[in-house]
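Below is one structure, written out as structure tokens, with a few remarks after it.
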Amino acid sequence: LDQLKSTYLEMEKDFLKTCAEFNPDTSAIELNKLASRLKAKAKGLTSIDFLFSNLADSSNQAEVFGAACALHVRPQFHAIDGVINLIDALSKTADLRGFRLKTIYRLLMAVDEIVKLDTRNADGLLTDEQRKGIARVLGQLQSHQRCITDDTSQYAAKIVAKL
């Protein structure tokens, strides 16, 4: 058991090390390559919960980018509140805390996967309050001055339409 635990911890450290390769000044193509690597690594992790401990308050764009990539391939309902709180906090700042729109788009991709799972489930896994909160926050993001002329705004609108 100790050997397995050690292996899992090393995998988590490796994932975070890959997240740290995030460079906010690199090209979109390079960020897409990093996202592909992160998603592949996330599939091999036993859990991605370690990525969400302080996500709502995080200003570490590299870890947010990694968490969004992981959620895209492994949607977790219990992470939605933290993701929405983060998007809410970001959308209330004039510069989105300096986050790249590519990172915001990755967060939206993660939210979209969770919403898709919710709509496929007959009982619905998100509460009405969560759905309203998601719609409100994505509406804020949709009208944000940095997002309005970007695909981010259109994507946020598409997700809201699914709710």
Side-chain angles (χ1 to χ4, degrees), residues 12 15-42 45 48-119 126-163:
E12 289 175 5
F15 186 87
L16 292 173
K17 184 178 174 186
T18 304
C19 288
E21 293 176 24
F22 178 90
N23 177 351
D25 299 321
T26 196
S27 70
I29 292 169
E30 290 303 313
L31 287 180
N32 287 340
K33 288 178 185 178
L34 177 61
S36 293
R37 288 181 31 229
L38 287 166
K39 290 191 291 187
K41 287 184 181 208
L45 294 170
I48 60 172
D49 288 349
F50 70 99
L51 297 169
F52 307 108
S53 58
N54 294 316
L55 186 64
D57 301 319
S58 183
S59 55
N60 183 333
Q61 188 172 187
E63 289 181 9
V64 169
F65 187 85
C69 290
L71 272 176
H72 185 216
V73 294
R74 296 186 57 189
Q76 309 284 313
F77 284 101
H78 62 278
I80 192 67
D81 293 331
V83 172
I84 292 303
N85 288 338
L86 173 62
I87 294 172
D88 186 35
L90 292 172
S91 67
K92 288 179 179 174
T93 65
D95 69 345
L96 298 172
R97 280 196 215 153
F99 277 34
R100 293 250 332 233
L101 289 175
K102 199 72 162 163
T103 302
I104 305 300
Y105 199 85
R106 290 282 169 187
L107 284 169
L108 290 176
M109 291 171 79
V111 171
D112 191 25
E113 288 303 314
I114 293 170
V115 168
K116 283 179 191 174
L117 283 177
D118 181 61
T119 57
L126 297 172
T127 66
D128 288 339
E129 185 177 309
Q130 284 175 311
R131 285 187 199 92
K132 287 176 188 174
I134 292 167
R136 179 187 60 77
V137 169
L138 295 187
Q140 280 174 201
L141 188 65
Q142 191 178 349
S143 63
H144 191 281
Q145 140 186 0
R146 277 193 61 206
C147 299
I148 231 164
T149 58
D150 187 71
D151 293 347
T152 307
S153 181
Q154 295 167 0
Y155 195 18
K158 286 179 185 177
I159 297 169
V160 170
K162 293 176 187 176
L163 293 168

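Side chains are part of it too, since the values below use all heavy atoms of this structure and drop only hydrogens, waters and symmetry mates. As the structure is a computational prediction, the values presented were derived from the model and not from experiment.
- Contact record, I114 with P75: CG1-CB, 3.8 Å, taken as the closest heavy-atom pair.
- Evaluation of the side chain to side chain contact (heavy atoms under 4.5 Å, CB included) rule for T149 yields no partner, not counting sequence neighbours.
- Applying the ring pair (Phe, Tyr, Trp, His ring centres under 6.0 Å) test to residues at least two apart or on different chains, the pairs with a partner in residues 49-81 are F22-F65.
- Taking both residues in full, the closest heavy atoms of L141 and C147 are given as O-CB, 3.4 Å, listed atom of the first, atom of the second, then distance.
- In this structure A70 satisfies the side chain to side chain contact (heavy atoms under 4.5 Å, CB included) test together with F15, A42, I48, L51, sequence neighbours excluded.
- Annotation: the span from L38 atom CG to L16 atom CG amounts to 9.5 Å, rounded to 0.5 Å.
- For K39, the salt bridge (charged side-chain N to carboxylate O under 4.0 Å, His left out) criterion is met by no residue, not counting sequence neighbours.
- Scanning for side-chain hydrogen bond (donor to acceptor under 3.5 Å, both in side chains) contacts around E12 gives an empty result, with sequence neighbours left out.
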Exercise answer: donor-acceptor pairs, residues 151-161 side-chain atoms, under 3.5 Å, sequence neighbours excluded:
unit_1 : atom_1 : unit_2 : atom_2 : d
T152   : OG1    : D150   : OD2    : 2.4
S153   : OG     : Q142   : O      : 2.8
Y155   : OH     : D112   : OD2    : 2.8

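- Side chains of L71 and E113 form no contact here, defined as non-hydrogen atoms less than 4.5 Å apart.
- Remark: L138 CG to K162 NZ distance equals 11.0 Å, nearest 0.5 Å.
- From C19, atom SG reaches atom CG of L34 across 7.5 Å, with rounding to the nearest 0.5 Å.
- When the salt bridge (charged side-chain N to carboxylate O under 4.0 Å, His left out) test is applied to K132, no partner is found at least two apart in sequence or on another chain.
- Atom-to-atom distance recorded for S27:OG and K33:NZ is 7.5 Å, nearest 0.5 angstrom.
- Scanning for salt bridge (charged side-chain N to carboxylate O under 4.0 Å, His left out) contacts around R146 gives an empty result, with sequence neighbours left out.
- Applying the salt bridge (Lys or Arg N to Asp or Glu O under 4.0 Å) test to every pair with at least one member in residues 16-28, sequence neighbours left out, gives these pairs: E21-R37.
- Closest heavy-atom contact between I148 and S143: CD1-O, 3.8 Å.
- Under the ring pair (Phe, Tyr, Trp, His ring centres under 6.0 Å) criterion, no residue pair touches residues 129-153, with sequence neighbours excluded.
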Using residues 80-91 as the side-chain source, report each donor-acceptor pair under 3.5 Å to any protein atom, sequence neighbours left out, with the distance given to one decimal.
unit_1 : atom_1 : unit_2 : atom_2 : d
D81    : OD1    : Q130   : NE2    : 3.1
D81    : OD2    : Q130   : NE2    : 3.4
N85    : ND2    : D81    : O      : 3.2
D88    : OD1    : Q140   : NE2    : 2.8
D88    : OD2    : K92    : NZ     : 3.3
S91    : OG     : I87    : O      : 3.1
S91    : OG     : D88    : O      : 3.0
S91    : OG     : Q140   : NE2    : 2.7

- Task: For L101 and L96, run side chain to side chain contact (heavy atoms under 4.5 Å, CB included): C-alpha distance rounded to whole Å, both residues' side-chain angles, the deciding distance at 0.1 Å, then the answer.
- Result: CA-CA 9 Å; L101 289 175; L96 298 172; 3.7 Å; yes
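- Partners of R100 under the side-chain hydrogen bond (donor to acceptor under 3.5 Å, both in side chains) rule, at least two apart in sequence or in another chain, do not exist in this structure.
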- Task: Check the pair R131, V115 against side chain to side chain contact (heavy atoms under 4.5 Å, CB included), reporting the backbone distance first and the verdict last.
- Result: CA-CA 9 Å; R131 285 187 199 92; V115 168; over 6 Å; no
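- Looking only at side-chain heavy atoms (C-beta outward), R106 and L31 stay at 4.5 Å or farther from each other.
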